[in-house]
Amino acid sequence: MLNEANLGLIFLSAFIVNNILLIRFLGLCSFFGISTQIKASLGMGIAVIFVTVMACSISWIVYYHLLLPFHLEYLRTVAFILTIASFVQFEEIIIKKKLPALYKAFGIYLPLITTNCAILASAFLGIDYKLSFIQNLIFSIGISSGYCLVIVLFAGIREEIEFSPIPENFRGVPIAFITAGLMSLAFLGFKGLFKL
Amino acid sequence: MKKKEVAGGIIVLFLITGISGYLLAQVYKVTKPKIEEQKRIEEEKINKEIFPDGVKFEEKCKDNISYVSVYNSDGEEIGKIFKVKTLGYGGYILLKVGVDKNFRIKGVKIIHHSETPGLGSKITSEKFLSQFEGKTIDEIYLKKDNPEGKIDAITGATISSRAVVDGIRKFLKKVKK
Amino acid sequence: MKKLIDFKNFINPIWRENPVFYLMLGLCPLLAVSGSVRDSLGMGIAVIFVLVGSNFTVSVIRKFVPSHVRIPVFIVVIATFVTIADYSIAAFSPEIHRNLGVYLPLIVVNCIILGRAEAFASKNNILNSILDALGTGIGFTIAILLIAIIREALGNGTIFGNPVFGTGYTPFLIMIMPPGAFLVIGFLIAIKQGMTRRRKC
């Protein structure tokens, strides 16, 4: 069980073995939307790391210290999504003020972090796996770093694809999916590397 | 933004959340007994599959291990069913194992697993699980791991097979003590 | 002038502006549960239910909601319907509920639903909003079923668990593993692009 494993294994499992993008298929909208440039992808990746780690920790506290004691488990979905939405707003304000260039690069994708399933999923998974607070923290760092790593790698490949001769019907999105499929195949090789 | 607008926004958001919370509480009240009923039916179905001649199934707990005692139509205890958790290739495998009074295996059913589809997922197949029937604890080894073993591993899914076999054996050994 | 009921709202999203193949929205559940036709059908029905519920509610309340809090309000509405769907499926079929797992509550962040609420339901009347929700939901369901049929048939040799290729078929395993999802959808979009391109010429 994940909650009996040590912290290093939890991190690696979330980071590459069960990669959030390629194995669990979460956060794909922004993945395909923004990964045309390495710079924007890196920015998005870092934003996701920040939001995921904070939002997961807050959600964990909300769940175990607010919802469970009052038997309000059925409000889990509503409570988590509100936590994340308000957190994204907060981050948006900061980036807009401090890093206007980055804000321009994100375009419409920053508000879309709210509907980035990777973040809500990490919060849910942490609860589903019955992780402790510290484990949950490491887990969320692992998941979001995995997101960041893959989106940057993928953007690198896509930048090259732009200049390659591809059958016309596959231009754009289709070839991106096939590339992602091949990357997913490579990541599948990590499965079974760590026994969890 | 005017103060009035902010206050209006807050009130609307508050109202909507309140209505949503109330609605969900009602839905929860209605569905909860049904969800539990479904769970019970499912449990019973699996128990019945392991012990077709069992009539009464009673949940018990001893030494921090919960199990189900199975009684036949004469009210006699004919066996026990345990829940076993074990680590497979893709995550943990949850299964139920039924044993008779002499700790011979009556049947094994996989409840949940996340093994590779098409390979490790074959641990749920009848062909693999039926091998366990009638075996004693010391016979539950993979043939390739131990000369005493009587279980064939699934081709291409040794780790998943071993996880099931070792998980059951270690658990039963612990319980028997 | 806007019509009271316009059936274009229903027809358009099913094929021409299909939420999946045209707008590239709602990809996560699409890829994650499309390994089995049964689970996909469950997911499709859940999405239709949530879409209709949220589009209807958003359309009803659109006049009372100040624009600066509309997104959080919409999200709460959607989350409510998702939780209802979550518990109903658990009460109806624990097996499908377990297979859909975390992807069921995650319908909340399915961009299709918030997208339709924001782009359509918040600006249109109730009837049109419901039509739009039905069309979009059916478009999504068709897409996910199509992918699931291809993946389950090739990868497992079955549809709804029934063998389709006879016993001699060796499953093309990669199709039901994660990479297969990406490959199938890549090829499907390529086909759709090809068809659209030819029509333009």
Side-chain angles (χ1 to χ4, degrees), chain A residues 18-33 74-82 84-86 89 111-125 127-128 166-188 191, chain C residues 21-35 71-72 74-87 101-115 118 174 177-198:
Chain A
N18 288 313
N19 187 277
I20 188 98
L21 282 168
L22 295 176
I23 305 292
R24 285 196 211 268
F25 302 121
L26 293 162
L28 290 176
C29 295
S30 62
F31 179 57
F32 286 109
Y74 52 86
L75 288 180
R76 186 179 80 157
T77 312
V78 181
F80 282 17
I81 190 76
L82 278 181
I84 292 168
S86 34
Q89 289 276 314
L112 277 184
I113 279 195
T114 313
T115 52
N116 186 329
C117 16
I119 295 163
L120 188 61
S122 332
F124 280 147
L125 288 171
I127 303 291
D128 279 352
I166 306 164
E168 198 127 349
N169 289 348
F170 280 91
R171 287 264 162 81
V173 185
I175 193 72
F177 269 98
I178 294 186
T179 314
L182 296 177
M183 280 180 82
S184 168
L185 198 59
F187 269 71
L188 211 57
K191 224 180 176 191
Chain C
F21 295 126
Y22 179 75
L23 299 170
M24 294 295 134
L25 290 176
L27 293 175
C28 311
L30 190 81
L31 292 163
V33 301
S34 62
I71 298 288
F74 295 169
I75 289 178
V76 171
V77 169
I78 295 168
T80 310
F81 281 103
V82 169
T83 315
I84 294 175
D86 191 1
Y87 282 113
V102 76
Y103 297 99
L104 194 55
L106 283 180
I107 296 177
V108 141
V109 282
N110 189 324
C111 352
I112 294 177
I113 294 164
L114 187 62
E118 160 78 1
I174 198 74
M177 292 201 232
F182 286 114
L183 296 180
V184 168
I185 198 168
F187 277 98
L188 283 177
I189 295 169
I191 292 170
K192 178 144 202 287
Q193 266 190 10
M195 284 165 74
T196 324
R197 213 162 47 89
R198 201 153 301 152

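What you are looking at is a predicted structure, and each value in this text was computed from that prediction instead of being measured. Note on naming: letters A, B, ... go to the chains in the order of the sequence lines (proteins, then strands), and numbering restarts at 1 for each one.
- Between chain C and the options A:Leu125, A:Leu82, A:Val78, the largest number of non-hydrogen pairs under 4.5 Å is found for A:Val78.
- The two residues C:Ala32 and A:Arg24 come nearest to each other via the heavy atoms CB-O, 4.2 Å.
- A distance of 11.5 Å separates CD1 of A:Ile119 from CG of C:Leu106, quoted to the nearest 0.5 Å.
- Among the candidates C:Ile78, C:Ile185, C:Val76, C:Thr80, the residue making the largest number of heavy-atom pairs closer than 4.5 Å to chain A is C:Ile185.
- In this structure, the separation between CZ on A:Phe25 and CG on C:Leu30 is 10.0 Å, given to the nearest 0.5 Å.
- With a 4.5 angstrom heavy-atom cutoff, A:Leu185 touches chain C via backbone and side-chain atoms both.
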Next on the checklist: Checking C:Phe182 against A:Leu28 for the side-chain contact (heavy atoms from CB on, under 4.5 Å) test, could you report, in this order, the C-alpha distance in whole Å, the side-chain angles of both residues, the deciding distance, and whether it holds?
Outcome noted: CA-CA 11 Å; C:Phe182 286 114; A:Leu28 290 176; 4.2 Å; yes
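- In this structure, CE in C:Met177 is found 10.0 Å from CD1 in A:Ile23, a value given to the nearest 0.5 Å.
- Across all their heavy atoms, A:Arg171 and C:Gln193 have their closest contact at O-OE1, 3.3 Å.
- Between C:Gly186 and A:Phe170, the shortest heavy-atom contact is O-CE2, 4.5 Å.
- Between A:Phe177 and C:Phe187, the distance from one ring center to the other does not fall under 6.0 angstrom.
- By the 4.5 Å heavy-atom criterion applied to side chains, C:Pro105 and A:Arg76 are counted as neighbours.
- For the atom pair A:Leu188 CG and C:Ile174 CD1, the distance stands at 6.0 Å (nearest 0.5 Å).
- For chain A, no part of C:Ile113 is nearby; none of its heavy atoms comes within less than 4.5 Å.
- At a 4.5 Å heavy-atom cutoff, the contact between A:Leu22 and chain C is made by backbone and side-chain atoms alike.
- One distance of note links CD1 of C:Ile189 with CG of A:Asn169; it measures 12.5 Å at 0.5 Å rounding.
- Heavy atoms only, all atoms of each residue included: A:Gly27 and C:Cys28 are closest at N-SG, 3.5 Å.
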